[in-house]
J.: 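Sending over a structure as structure tokens; questions will come in a sec.
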Amino acid sequence: MDTPLSTVAVVGLGTMGTGIAEVLARAGREVIGIDISEEAARLAVASLEASTARAVERERITAEERRDILARFRTFSDLQAAADADLVIEVVHESYEAKQQVFRALDTIVRPTTVLATGTNALSVTRLAADSAHPERVLGMHFFNPAPAMKLVEIVSSVLTAPQAVEAVTTLARDLGKEPVAVGDRPGFVADGLLFGYLNQAAAMYEAKYASREDIDAAMRLGCGLPMGPLALLDLIGIDTARTVLDAMYAESHDRLHAPAPILKQLSEAGLSGHKSGRGFYTYEAPGSHTVVRDALTPLESAGVTAGLPVRSVGVAGSGTMASGIAEVFAKAGYDVVLAARSQEKADKAKARIAKSLSRSVDKGRMTAEARDETLARVSPAGSLDAFADVDLAVEAVAEDLEVKQQLFATLDKVCKPGAVLATTTSSLPVVACARATSRPQDVIGMHFFNPAPAMKLVEVVRTVLTSDAVHATVREVCVKIRKHPVDCGDRAGFIVNALLFPYLNNAVKMVEQHYASLDDIDAAMKLGGGYPMGPFQLLDVVGLDVSLAIQKVLHSEFRDPGLAPAPLLEHLVAAGCLGRKTGRGFREYAGR
């Protein structure tokens, strides 16, 4: 198998096959495109013509280079055209029957040294290889959509795959400008193995009417920095495809987190598969369109019929990073802010932290020195909650300890004037438990800011069964005034973001425990294949392994799902004091705390 893989056949010229063919042709390979549909072949050629024409217009390639690329791509309707290929990549329909039929035919057509790669993201490469006359040359080469743009390629080996075949396609992937990651054969591999569990949970969350599709998607984009929300991504991938992948994952893992949410079955069986059908979780302008149009579920701009209460002054309780960040946000928006801590000294230090943050903004040209001084003048540090007597909104940002928060709310109940809104920034504790510590639970609500509060746009607005309509409307209006995006959710563990984020992180830890892939490969796979700004282990070390474990325990305790049990490796690292960047060691070691 010592071959440079200079001639490559791509079997199946759908969206993925066409994208792979383009990548190969642009990289100087002779590409043989094969599809039984003449229309699919025509569209593949037209797609390559259009994309290369755009590249010439943008001066990324010359007209001569474009002609060479187009000349290297030829299409056929018969598998016999693959006879002289060094590598065949099949990307036909995601079914064993369809793929095995292709591989059986190729066994009688191609040379013994030709490498056969499947583009599957859900089916067993081992099962496909075992059915081949030469299983040692069969492997997985999983590109991500859109193939020309996405850098990740998962190279999937079975126990039967020859090392030379793996080496050949790995070298090819690098020549194509891709980042190859070596993985073993299990459904979903690394990226989809982690991604689809998260997508499935998001679908189940929507199906349970816990939050709207728009709020779920906005929460994950703004709270985690993801390029797309999970429901929009399911529409892009194809709901039928997602269901197939999850079925394969569940068949192996028997993990309920992988059992496809019933709504996926309902939508796919109704033919509502997303972009390609024109309707999925959202409705699109036409089949194949990415333009979302209004439908019966689209919220109306005038949906909030209840008027909020007037808020002129805000109290922020706490002296940590989150408290000072929230106080800064309100002061920037023009509110008078009382920043109360357990002592005047702590409150003064918290205000000094705000002054430092504002000065950095001045240095970066984001605000003027005059605006900084005006903002800082609106913050009044206080050593006691008694200073909250006249505030219209009190926001607590103290330790994530229920007893501590309940004591604080009992004090707020005595100190704050009637009608003041009382908000908790908890990320994992029950808001209603804070509300019950007061004599006015109707005035209590969750306002979950994300760290760093000045930079992060999301606020999860957590309404309990006791929260009044006026208080809910007030907090939503305030969020808009402080230039944050509010999303509504109910009072249950994790709210939206943490309920979807931390099981994904926990599953990544389990993947390492099982020696399936390395930390570096998993981080690379999720950044390059999933569009995550940070890999799961980078993020765990930044968040803190102790914080992550605590949230995972809360989720497991509330939902009682065995799949949510904290990974033992996470527990062991926390027990050993390896908490991430703050201790200098977590999943990785760091030069300084």
J.: Can you tell me which residue pairs pass the side chain to side chain donor-acceptor pair (under 3.5 Å) test with a partner in residues 444-459, sequence neighbours excluded?
T.: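 Listed by first then second residue: His448-Glu460.
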J.: Name all residues meeting the side-chain hydrogen bond (donor to acceptor under 3.5 Å, both in side chains) criterion together with Ser380; count only those two or more places apart in sequence or in a different chain, and write none if there are none.
T.: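 Ser380: no side-chain hydrogen bond (donor to acceptor under 3.5 Å, both in side chains) contacts found.
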J.: How are the rings of Tyr504 and Tyr532 set relative to one another: parallel (under 30°), tilted (30 to 60°) or perpendicular (over 60°)?
T.: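 Aromatic pair Tyr504/Tyr532 classed parallel.
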J.: Can a donor-acceptor pair be found between the side chains of Thr464 and Asp491 at a distance below 3.5 Å?
T.: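 The answer is no; no qualifying pair exists.
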J.: Within the side chain of Asp443, is there an N or O that forms a donor-acceptor pair under 3.5 Å with the backbone of Leu422?
T.: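 Pair absent, no side-chain N/O of Asp443 close to backbone of Leu422.
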J.: Tell me if a side-chain donor or acceptor on Asp541 pairs with a main-chain N or O of Arg581 at a distance below 3.5 Å.
T.: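 Looks like no, no N/O pair under 3.5 Å.
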J.: Check whether any side-chain N or O of Glu154 sits under 3.5 Å from a backbone N or O of Val183 as a donor-acceptor pair, and report yes or no.
T.: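 Not a single qualifying donor-acceptor pair exists.
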J.: Any side-chain to backbone donor/acceptor pair from Asn121 onto His142? Under 3.5 Å, distance only.
T.: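 Between the backbone of His142 and the side chain of Asn121 there is no qualifying donor-acceptor contact (under 3.5 Å).
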J.: Give me each pair satisfying salt bridge (charged side-chain N to carboxylate O under 4.0 Å, His left out) with a member in residues 497-507, each pair once, sequence neighbours excluded.
T.: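 Listed by first then second residue: nothing to list.
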J.: Among pairs that include at least one residue of residues 546-567, which meet side chain to side chain donor-acceptor pair (under 3.5 Å), considering only residues two or more places apart or in two chains?
T.: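 Qualifying pairs: Asp546-Lys582.
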J.: Apply side-chain contact (heavy atoms from CB on, under 4.5 Å) to Ile482 and Tyr335, showing your working.
T.: CA-CA 9 Å; Ile482 61 175; Tyr335 289 97; 3.8 Å; yes
J.: Is a side-chain donor or acceptor of Lys178 paired with a backbone partner of Met150 at a separation under 3.5 angstrom?
T.: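 Checking the backbone N and O of Met150 against the side chain of Lys178, a donor-acceptor pair under 3.5 Å is found.
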J.: Sequence neighbours left out, what passes side-chain contact (heavy atoms from CB on, under 4.5 Å) with Glu513? Give chain and number order.
T.: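 Glu513 satisfies side-chain contact (heavy atoms from CB on, under 4.5 Å) with Lys510, Ala567, Pro568, Leu569 only.
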J.: To the nearest 0.5 Å, what is the distance between CG on Leu545 and NE2 on His572?
T.: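 One finds 13.0 Å between CG of Leu545 and NE2 of His572.
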J.: Minimum heavy-atom separation for Val509 and Phe587, please, with both atom names.
T.: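 Residues Val509 and Phe587, closest heavy atoms: CG2-CZ, 3.7 Å.
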J.: Which atom names give the shortest non-hydrogen contact between Val497 and Cys224, and what distance separates them?
T.: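 Closest approach of Val497 to Cys224: CG1-SG, 3.7 Å.
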J.: Could you pull out all donor-acceptor pairs under 3.5 Å where a side-chain atom in residues 426-435 meets a protein atom, sequence neighbours excluded?
T.:
residue : atom : partner : partner atom : Å
Thr426  : OG1  : Glu400  : OE1          : 3.4
Thr426  : OG1  : Glu400  : OE2          : 2.7
Thr426  : OG1  : Ser428  : N            : 3.3
Thr426  : OG1  : Leu429  : N            : 2.9
Ser427  : OG   : Glu400  : OE2          : 3.4
Ser428  : OG   : Glu400  : OE2          : 3.0

J.: Identify, with sequence neighbours excluded, every residue that meets side-chain hydrogen bond (donor to acceptor under 3.5 Å, both in side chains) alongside Gln538.
T.: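 Per chain and number, Gln538 pairs via side-chain hydrogen bond (donor to acceptor under 3.5 Å, both in side chains) with Lys527.
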J.: For the side chain to side chain contact (heavy atoms under 4.5 Å, CB included) test, which of Val478, Leu393, Val444 pairs with Val421?
T.: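 The single option meeting the side chain to side chain contact (heavy atoms under 4.5 Å, CB included) with Val421 is Leu393.
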J.: Restricting to side-chain hydrogen bond (donor to acceptor under 3.5 Å, both in side chains), what partner residues turn up for Asp523, sequence neighbours left out?
T.: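 Expected list: Arg588.
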J.: Using residues 227-237 as the side-chain source, report each donor-acceptor pair under 3.5 Å to any protein atom, sequence neighbours left out, with the distance given to one decimal.
T.:
residue : atom : partner : partner atom : Å
Asp235  : OD1  : Phe281  : N            : 2.9
Asp235  : OD2  : Phe281  : N            : 3.2
Asp235  : OD2  : Tyr282  : N            : 3.0
Asp235  : OD2  : Tyr284  : OH           : 2.6

J.: Please say whether more than 12 non-hydrogen atoms of neighbouring residues, nucleotides or ligands are located less than 6.0 Å from CD in Glu345.
T.: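 Counting other residues, nucleotides and ligands, CD of Glu345 stays at 12 neighbours or fewer.
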J.: Applying salt bridge (charged side-chain N to carboxylate O under 4.0 Å, His left out) as the test, list every pair that has at least one member in residues 370-393; sequence neighbours left out.
T.: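 Non-adjacent pairs meeting salt bridge (charged side-chain N to carboxylate O under 4.0 Å, His left out): Asp392-Lys417.
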J.: Using the test side-chain hydrogen bond (donor to acceptor under 3.5 Å, both in side chains), find all partners of Thr424 that sit at least two apart in sequence or belong to another chain.
T.: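 Partners of Thr424 by the side-chain hydrogen bond (donor to acceptor under 3.5 Å, both in side chains) criterion, ordered by chain and then number, come out as Glu396.
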J.: So, for Ala397 and Ile326, which heavy atoms are closest and what is the spacing to 0.1 Å?
T.: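 Smallest heavy-atom distance, with atoms named: CB-CD1, 4.3 Å.
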J.: Quick check: closest heavy atoms across Arg213 and Leu297, and the distance to 0.1 Å?
T.: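 Residues Arg213 and Leu297, closest heavy atoms: NH2-C, 3.5 Å.
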J.: Can you list every side chain to side chain donor-acceptor pair (under 3.5 Å) pair that touches residues 310-331, not counting sequence neighbours?
T.: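 Side chain to side chain donor-acceptor pair (under 3.5 Å) check on residues 310-331 returns Ser324-Arg353, Glu328-Lys332, Glu328-Ser357.
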J.: As a quick check of understanding, evaluate side-chain contact (heavy atoms from CB on, under 4.5 Å) for Asn200 and Leu257, giving each step before the final call.
T.: CA-CA 7 Å; Asn200 192 41; Leu257 297 179; 5.7 Å; no
